[in-house]
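Take a look at the structure set out below.
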Amino acid sequence: MARIRQDDIEAVKERTDIVQLVAQYLTLKKTGHDSLSGLCPFHQEKTASFSVSPAKQVFYCHGCGKGGDAITFLRELEHLSYVEAIERLANAAGVPLRYEGDSPAERRAAEHRKALYRANEEAASLYRAMLVDGREAADARAYVTERGIAAEIADRFGVGYAPTYPDFLLRRLAGARDLSPEILLEAGLATRGDDGAVRDRFRGRITFPINDLQGRHIGFGARVLPSDPRSGEQAKYLNTAETPIYRKHEVLYNLHRARTAIAKTGDAFVVEGYTDVIGLAQAGLDNAVATCGTALGEHHFELLSRFAQRAVLAFDSDEAGARAAERAAAFQERFPVRAVVMIMPEGLDPAEFVAKHGADAVREAGAQARPLIEYMVRRTVERHDLSTVEGRSAAVADALPLLEKLSDPVRRSEYAGLLADLAGVAEASVLQSLERRLGGRPQEVAKAIKHGTAQERVEREMLKVLVSDADTFGEMVGMLSEEHFRGASHRRLFVALRGTGGDVGAIAGGPDPQLAAQVSALAVEPLAGDPTPEYADGVVARLQEFLLKSRSDTLRLQLQKLNPTTDPAYDDLFRELVEVDGELRRVRQRVHGAV
């Protein structure tokens, strides 16, 4: 394997000023004879504990303990390999690198790859210049303005325009060294027609340069203009075909810019469109990436796991976005990054959502995003008619494969409880069905059955409180309704208790043997806490918390199906959601530390 020559590494170190490097990422202030300080980029802090020594060319953070030279700083901050960091610094310092162990063929291949990178870089520059000043780009500039993309952001992302004529690149790069038509063909910038003629691949399209993790130009995504009379006949987006330097299933758009923000926040917003990334960045959300004209795949998750703790899948709320989440569910368990789904209202893409509601609303939605498995379980159950036994059985059967893929038995048990609640069936039946699919692990399933879901436990505790004594029943029953009990058997017993005024004897000696057994069991079972009014209030508050969370979830689903710009009911539902979420926060503050 080729290695960078040691004397070239030393030259890179000599020509790299750590102060200038660090100053690209944070503000430094002089705090001593040989010391500059700033807020550490490796952890969140309010008081500067990060120091740089210009004389010694080293850094150290007294808060998190990270330290080293310029190479270490860049490696840690940008999550680069040692060679990648050297190459990045060498490029900035103008130091040509030589590699030991290269054969002549390897050197020729490296030079060839450099030509492909250079071709894409030159194309990006030409497309950008055309968008800014070109006479043919008037409609393109109008489209960029209509999308709300500011000039500074368009420049940062290198947004350009490929004019309609077929030889824009071919003519302008004809005299460039090493950029022959064959190189443009191999770089994915040109195509050869059936007649043998070579033409530009991108014509009459807005262009979005795609870069690798080192920031090198490797390809393009290109959108046809809506004003183009041929737009109905062409694909909306055209991407660079697979090339020696561009493999779309191994690339995430904007990751080279976003990875520092992703590593710092722990979250990566994964969207479907280039303009979604740009819209989020314009609002101050620098941790967004997008797939490049392909489905979210294993290599994408592998990339994300290098920088992110959570991948927030912020897809449009249409079938395509839901299908993308389904595909991600097939393999996301293999990687340490946690996938969650951020539900977007119907008719809004992430760029439109941030423009309408602001960056804080996106952050809040991201914080409340559902875990991918929960999202998929809910989506699977919703496809079935739960009013019939057959429908409920089919819903459980369809959702079980999702649970089967979970390696953690605790998560498997909790999601089995969720599936049971959503489908309206007994949790034990879900766990028994799961046991059969897993090939029979009765001890593991038996343990899971004993635990039950959190809401089931609180509902049962509430019923025990109600049957504990008549005075407590009288004080508590008015605070409760059937809605507080999601379990069918719990709800049925609550209705019976309310109907008899809390008379346990009437139910125990009544005509319904199932209710009689249930109330008798509760009456002799001790409470999980002390039999005090404060404890009873805490149990009621926990049930209220579950009810409000359910209402909040229902409202979000309703909003998802509405268009905020055309549906008159959207604003009323949104206000109701704000009220419910506010009450939910207050209840959660009350019950902290309760049951």
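Just so it is clear, the model here is predicted, and its values are computed rather than measured. For reference, positions follow the sequence shown, starting with 1.
Note that OG1 of T500 is 4.0 Å distant from CD1 of I507, once rounded to the nearest 0.5 Å. To the nearest 0.5 Å, the span separating CG on L555 from OG on S550 amounts to 9.5 Å. Annotation: the span from F157 atom CZ to T275 atom OG1 amounts to 11.0 Å, rounded to 0.5 Å. How far CG of L497 is from CG of L480: 10.5 Å, rounded to the nearest 0.5 Å. Rounding to the nearest 0.5 Å gives a distance of 10.0 Å between CG of L584 and CD of Q589. Here R205 contributes atom CZ and L238 contributes atom CG; the two are 4.5 Å apart, rounded to the nearest 0.5 Å.
Side chain of S305 to backbone of E302: a donor-acceptor contact under 3.5 angstrom is found. One N or O on the side chain of H484 and one on the backbone of S481 form a donor-acceptor pair closer than 3.5 Å. Although no hydrogens or angles enter the test, the distance criterion places no donor-acceptor pair under 3.5 Å between the side chain of D385 and the main chain of G391. A distance-only check finds no donor-acceptor pair linking the side chain of S552 to the backbone of L548 [under 3.5 Å]. Between the D469 side chain and the T472 main chain, a donor and an acceptor come within less than 3.5 Å of each other. Without hydrogens or angle criteria, D349 side chain to A351 main chain gives a donor-acceptor distance under 3.5 Å. Panel note: side chain T380, backbone M376; a donor-acceptor pair is recorded below 3.5 Å. Of the possible polar contacts, none joining the N254 side chain to the V289 backbone as a donor-acceptor pair under 3.5 Å is found.
A salt bridge links E461 to K464: at least one charged side-chain nitrogen sits closer than 4.0 Å to a carboxylate oxygen. Ion pairing between D553 and R370 holds under the 4.0 Å rule for side-chain N and carboxylate O. A salt bridge is defined here as a Lys NZ or Arg NE, NH1 or NH2 lying under 4.0 Å from an Asp or Glu carboxylate O, and K356 with D571 fails to meet this definition. We find that E374 and R378 are joined by a salt bridge, their nearest charged nitrogen and carboxylate oxygen being less than 4.0 Å apart. Electrostatic pairing of E545 and R542 counts as a salt bridge here, judged by a charged N lying under 4.0 Å from a carboxylate O. Using a 4.0 Å cut-off between charged nitrogen and carboxylate oxygen, R551 and E576 do not count as a salt-bridge pair.
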Stepwise side-chain contact (heavy atoms from CB on, under 4.5 Å) check, L577 with R556:
CA-CA 7 Å; L577 175 62; R556 291 178 193 281; 4.0 Å; yes
Take L255 and I262 through the side-chain contact (heavy atoms from CB on, under 4.5 Å) test and state the conclusion after the steps.
CA-CA 9 Å; L255 184 57; I262 290 171; 3.9 Å; yes
Derivation and outcome, side-chain contact (heavy atoms from CB on, under 4.5 Å), residues D537 and M476:
CA-CA 8 Å; D537 286 339; M476 298 287 113; 3.4 Å; yes
For the pair F494 and V477, evaluate side-chain contact (heavy atoms from CB on, under 4.5 Å) and give the outcome as yes or no after the intermediate values.
CA-CA 9 Å; F494 171 74; V477 71; 4.2 Å; yes
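Between L406 and D408 the shortest side-chain heavy-atom distance does not fall below 4.5 Å. Here the side chains of D286 and T260 are not in contact, with every heavy-atom distance at 4.5 Å or above. Using a 4.5 Å heavy-atom threshold, the side chains of V362 and M342 count as touching. For the pair L559/Y570, a side-chain contact is recorded, criterion being any heavy-atom separation below 4.5 Å from C-beta on. Put simply, the side chain of D212 does not reach to within 4.5 Å of the side chain of V251, judged on heavy atoms. Side-chain contact between L403 and V377 is present, with at least one heavy-atom pair separated by less than 4.5 Å.
Here the closest heavy-atom approach between residue G221 and residue I210 is recorded as N-CD1, 3.7 Å. For the pair H300 and G297, the tightest heavy-atom approach, listed with the atom from each and the gap, is ND1-N, 2.9 Å. When all heavy atoms of F301 and A328 are compared, the pair lying nearest together is CE1-CB, 3.8 Å. Listed here is the closest heavy atom pair of V159 and I278: CG2-CD1, 3.9 Å. Between K248 and T294 the shortest heavy-atom distance is O-CG2, 3.8 Å. Pairing each heavy atom of L280 with each of P350, the nearest pair is CD2-O, 4.2 Å.
Exactly one residue among E459, R460, E482 makes a side chain to side chain donor-acceptor pair (under 3.5 Å) with H490. That residue is E459.
Using cut-offs of 30° and 60° for the angle between ring planes, the F331 and F335 rings count as perpendicular. Ring pair F574/H357 is parallel by interplanar angle, where below 30° counts as parallel and above 60° as perpendicular.
Between Y274 and R223, the side chains place no donor N or O within less than 3.5 Å of an acceptor N or O (distance only, hydrogens not considered).
Residue Q558 places its CD atom among more than 12 non-hydrogen atoms of other residues, nucleotides or ligands, all under 6.0 Å distant. When the shell of 6.0 Å around CG of D530 is examined, it contains 12 or fewer heavy atoms from other residues, nucleotides or ligands.
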